[in-house]
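For reference, positions follow the sequence shown, starting with 1.
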Amino acid sequence: TPLPTDLPFLTVDELKNELEIDATTLAVSYQLAPSMTLKSITAYRDSANYDATDLDGTSFYVLAGIRDIEHEQLTQEIQLVQDGERLDYVVGLYYFDEEGSEDGPQSIFGGATVFDGITAIGNQATALYGQVSFTPDMLDDKLTLTAGLRYTQEDRQATRSYTVYSASFDPVTFAPTSTSAFTLVDNHKLEEDYSKLTPMAKLAYQVNEDVHAYLSVTEGFKSGIFNGRATSVADWTTPVEEETVTSYELGLKTRWLDDRVQANLAIFFNDYDDMQVTTFSGDPATGLNQLVANAGDADVQGAELEVLAKLTPALTLYTNLGYTDASYNEYTSCNPLTSLPGAACVAEDVSDIAEIVNTPEKTAAYGIIYERGLSFGSFNMRIDGNYQSETVSDAIQYQFNTNAGRVVYNARIALEEIAFGRDHAELSLALWGKNIFDKEYTEFGIDFGGFGYYSSFWGEPATYGLDATYKF
């Protein structure tokens, strides 16, 4: 069989990541009455991402991959907003339309085997929502009741193809001469509709001028999806059902010492049903497999504390602390840790070993801000640190790719609001640095299972830049 001329690659000749984004937003407001406004927000976004990656981390082409993604989307939102003395409300209509494609070939041993998967999508979503807040004539107008309702309708379409190419090579030149092709998913199209009515309610009480308390209950949902990187018809056609969550939050917002100190506390509990979880597996016969499945029940609970202190008119210190306890109550899945090589994987309850991905138990952000006016503008300086404890990148196969806890520091110095030109034009200059101490840390990892190794992706190194902004 002749080598296909349109095969995206046999070896990755140039490792690179190119991203191009074009985006346009148009926001229009029209005041219908002193307390009523009609708003329109239109946005268009077009993006292209080409990512050629050496997945084995060696100087040889053991395993390499390309992701060639094109995507465009259009959103339109119309809002009617009323700000009354006792009654506030917003009514809105939202529309979303997207089209996209991904070509994601993978190459083993310099092209001896190429797994080529192509997925095209077309999705539309429409939502009608409303929210109303009412302050009854009681309790000195300290009580505010809020209720909201949103109806969402989503239509999803996707087409998937997946082919395995095995090449033969010239014994002298090692040049590929022919290839055999085996199609596992043949231009298979799926369509599905999802809809959901989600409510919210909030009770807020202004204890005094400096203390505000609230309790909220919100229901949210994430529509079902297709496994756009499936390597078999069975995985491609297995539905991923919608995910729902009910969120409870109790909070306090306080001010102290003539507003020089702010302290906010929030306690939250999120109850997930049919949580969508992404897992990875690897098989030298079928390639890398990234699948989304419904895990079942999960609880995410915790607390957040924010404190901001203005020590002088120019100097501010702040810190944000977070604690999260996340766990699965129910998770039925194939367990690759107990399955024998080559044997069928038997589903079992893995909730006692599974971890919720990208969810650190502890987080902290802290920093110092200095601001002062100048005769020709303003000067500000900011130094901040961000800490998070360890995370995992896969719910089950995380033994070798845990992301260790880390602290990253950033800094920014700026001259702003400099009068420049005519008609109140302003110039701002800012020198900034991210990860200024060049902390080395991993953000994400993949256990390639049957390939016998794992790969980690590192966070950005020390990065510096200069921004110039001109407003006219």
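- Without hydrogens or angle criteria, Tyr89 side chain to Gly84 main chain gives no donor-acceptor distance under 3.5 Å.
- Scanning both residues, Asp274 and Glu242, for their nearest heavy atoms gives CB-O, 3.5 Å.
- You'll find the side chain of Tyr370 reaches within 4.5 Å of the side chain of Phe379, heavy atoms only.
- The CG atom of Leu32 sits 6.5 Å away from atom OH of Tyr30, with the distance rounded to the nearest 0.5 Å.
- No side-chain donor-acceptor contact under 3.5 Å links Ser428 to the backbone of Glu416.
- No more than 12 heavy atoms of other residues, nucleotides or ligands sit less than 6.0 Å from atom NZ of Lys434.
- Residues Asn435 and Asn410 bring no donor and acceptor atom of their side chains to less than 3.5 Å of each other.
- Between the side chains of Asn227 and Asp235, no donor-acceptor pair of N or O atoms lies under 3.5 Å.
- Using the six-membered ring where Trp is involved, Phe437 and Tyr409 have ring planes that are perpendicular, over 60° apart on the 30 and 60° scheme.
- The shortest distance between side-chain heavy atoms of Leu197 and Leu149 falls below 4.5 Å.
- Atoms CG and NZ, on Leu427 and Lys471 in that order, are 11.0 Å from each other to the nearest 0.5 Å.
- A search for salt bridge (Lys or Arg N to Asp or Glu O under 4.0 Å) contacts involving Glu154 returns Arg156, not counting sequence neighbours.
- Side chain to side chain, Ser247 and Asn270 meet the donor-acceptor criterion of an N or O pair below 3.5 Å.
- Between the side chain of Asp394 and the main chain of Ile396, a donor-acceptor pair closer than 3.5 Å is present.
- By the 4.5 Å heavy-atom criterion applied to side chains, Asp271 and Asp299 are counted as neighbours.
- Within 6.0 Å of the CD atom in Gln82, the count of heavy atoms belonging to other residues, nucleotides or ligands exceeds 12.
- A distance of 12.5 Å separates CZ of Phe268 from CG of Leu250, quoted to the nearest 0.5 Å.
- Side-chain contact check for Asp467 and Trp432: at least one donor-acceptor pair (N or O, by modelled atom type) lies under 3.5 Å.
- Asn320 and Glu306 form no side-chain donor-acceptor contact under 3.5 Å, judged by distance and modelled atom types alone.
- No donor-acceptor pair under 3.5 Å is formed between the side chain of Asp51 and the backbone N or O of Ile66.
- If you check the side chains of Tyr323 and Asp325, you find no donor sitting under 3.5 Å from an acceptor.
- A salt bridge between Arg86 and Asp141 is present, with a side-chain N of the basic residue lying under 4.0 Å from a carboxylate O of the acidic one.
- Salt bridge annotation for Glu102-Arg229: present, with a cationic side-chain nitrogen under 4.0 angstrom from a carboxylate oxygen.
- When all heavy atoms of Ser327 and Ile356 are compared, the pair lying nearest together is N-CD1, 3.7 Å.
- Scanning both residues, Asn403 and Val392, for their nearest heavy atoms gives ND2-C, 4.3 Å.
- Judged purely by distance below 3.5 Å, without hydrogens or angles, the side chains of Tyr44 and Gln76 never pair a donor atom with an acceptor atom.
- Without hydrogens or angle criteria, Lys142 side chain to Tyr205 main chain gives no donor-acceptor distance under 3.5 Å.
- Under the 30°/60° scheme for interplanar angles, the aromatic rings of Phe226 and Trp236 are found to be tilted.
- Annotation for Gln124 and Gly122: closest pair NE2-C, 3.9 Å, computed over non-hydrogen atoms.
- With hydrogens and angles left out, the side-chain atoms of Asp384 and Asn386 include a donor and acceptor closer than 3.5 Å.
- Side chain of Glu355 to main chain of Val357: no donor-acceptor pair is present (N/O by atom type, distance under 3.5 Å, no hydrogens or angles).
- Between Lys196 and Glu219, the closest side-chain pair of non-hydrogen atoms falls below 4.5 Å.
- When atom types are taken as modelled, the side chain of Gln276 and the backbone of Ser223 share a donor-acceptor pair closer than 3.5 angstrom.
- A cation-pi arrangement is found for Lys202 relative to Tyr214, the charged atom lying closer than 6.0 Å to the ring centre and inside a 45° cone about the ring normal.
- Within 6.0 Å of atom CD in Glu460, 12 or fewer heavy atoms from other residues, nucleotides or ligands are found, so the atom counts as exposed in its surroundings.
- Under the 3.5 Å distance criterion, with hydrogens and angles disregarded, no donor-acceptor pair is assigned to the side chains of Asp273 and Asn294.
- Residues Ile368 and Leu315 form a side-chain contact, since some pair of their non-hydrogen atoms from C-beta on lies under 4.5 Å apart.
- Electrostatic pairing of Asp22 and Arg45 does not count as a salt bridge here, judged by no charged N lying under 4.0 Å from a carboxylate O.
- Environment of CZ in Phe420: sparse, with no more than 12 heavy atoms of neighbouring residues, nucleotides or ligands closer than 6.0 Å.
- Between Asp103 and Ile118 there is a side-chain heavy-atom pair separated by less than 4.5 Å.
- Nearest heavy atoms, Lys362 versus Tyr387: O-CE2, 3.9 Å.
- Electrostatic pairing of Glu443 and Lys439 does not count as a salt bridge here, judged by no charged N lying under 4.0 Å from a carboxylate O.
- Ring pair Tyr328/Tyr331 is tilted by interplanar angle, where 30° to 60° counts as tilted.
- Between the side chains of Thr442 and Ser456, no donor-acceptor pair is found at a separation under 3.5 Å.
- No donor-acceptor pair under 3.5 Å is formed between the side chain of Arg382 and the backbone N or O of Ile413.
- Residues Thr359 and Thr391 form no side-chain contact, since every pair of their non-hydrogen atoms from C-beta on lies 4.5 Å or further apart.
- In this structure a side-chain-to-backbone donor-acceptor pair under 3.5 Å is missing from Thr146 to Ser133.
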Query raised in the report: Can you list the steps and then say if Asn123 with Glu98 is a side chain to side chain donor-acceptor pair (under 3.5 Å)?
Result: CA-CA 5 Å; Asn123 303 320; Glu98 70 170 346; 2.7 Å; yes
Requested in this report: Let me see the working for Leu311 and Leu317 under side-chain contact (heavy atoms from CB on, under 4.5 Å), right down to the final yes or no.
Outcome: CA-CA 7 Å; Leu311 303 185; Leu317 300 180; 3.5 Å; yes
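- Closest heavy-atom contact between Leu252 and Ala213: CD2-CB, 3.6 Å.
- With hydrogens and angles left out, the side-chain atoms of His71 and Glu99 include no donor and acceptor closer than 3.5 Å.
- No side-chain donor from either of Glu241 and Tyr194 sits under 3.5 Å from a side-chain acceptor of the other.
- Side-chain contact between Asp259 and Leu257 is absent, with no heavy atoms from C-beta onward closer than 4.5 Å.
- Although no hydrogens or angles enter the test, the distance criterion places no donor-acceptor pair under 3.5 Å between the side chain of Asn380 and the main chain of Glu371.
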